[in-house]
Amino acid sequence: MRVHDLAHGRAGDKGNTSNISVIAFDEAGWRILREQLTEAVVARAFAHVATGPVIRYELPRLQALNFVIQGALGGGVTRSLAQDAHGKSLSSLMMTIELPGTP
């Protein structure tokens, strides 16, 4: 099972930091995401683009997780040569993460 099976995502940026929210479709998905989509899992998925830590914030009333991924934007919008200078496609990467404790 992948994140996109349980949720949708939104991404934003500030400098060299990407901010990605994962919003569950329902309560069942929220429980799985809350347990399985850890900082460590996200850090492994983003290891090829991020140089800094991953911090996870829980928003239970919204059934959402917000991940702040530092050093993920190649120096920031004005410094990076990346095609996706704002890191919006990073939410797509988040959606492809395979959850370790699911079939």
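Separation of atoms CG (L33) and CG (L6) is listed at 5.0 Å; rounding is to 0.5 Å. With values rounded to the nearest 0.5 angstrom, N16 atom CG is found 11.5 Å from I69 atom CD1. Note that the CD atom of Q63 and the CZ atom of R61 stand 12.5 Å from one another [nearest 0.5 Å]. Once rounded to the nearest 0.5 Å, the distance linking CD of E39 with CZ of F46 reads 13.5 Å. Here M94 contributes atom CE and H4 contributes atom NE2; the two are 13.5 Å apart, rounded to the nearest 0.5 Å. Expressed to the nearest 0.5 Å, how far CD1 of I23 lies from CG of L65 amounts to 9.5 Å.
A salt bridge does not link R31 to E35: none of the charged side-chain nitrogens sits closer than 4.0 Å to a carboxylate oxygen. The pair E98-R2 counts as a salt bridge, with a side-chain nitrogen and a carboxylate oxygen less than 4.0 angstrom apart.
Closest non-hydrogen pair, Q36 versus P100, comes out as OE1-CG, 3.5 Å. Heavy atoms only, all atoms of each residue included: A24 and G29 are closest at CB-C, 4.1 Å. Here the closest heavy-atom approach between residue L93 and residue A45 is recorded as CD2-O, 3.8 Å.
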### Query
Can you check side chain to side chain contact (heavy atoms under 4.5 Å, CB included) on T96 and V3, steps first, answer last?
CA-CA 6 Å; T96 65; V3 173; over 6 Å; no
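One hydrophobic cluster, built from ILVMFWY side chains closer than 4.5 Å, cannot hold both V68 and V22; they sit in different ones. Both M1 and I97 sit in one connected hydrophobic cluster of ILVMFWY residues. Membership requires side-chain heavy atoms under 4.5 Å apart, directly or through other members.
Contact of the V42 side chain with the L37 side chain is registered, since non-hydrogen atoms from C-beta on lie closer than 4.5 Å.
Using a distance-only test at 3.5 Å, with no hydrogens or angles considered, no donor-acceptor pair links the side chain of R34 to the main chain of A64.
Partner F67 forms a side-chain contact (heavy atoms from CB on, under 4.5 Å) with one of N19, V54, L90 and no other, that one being V54.
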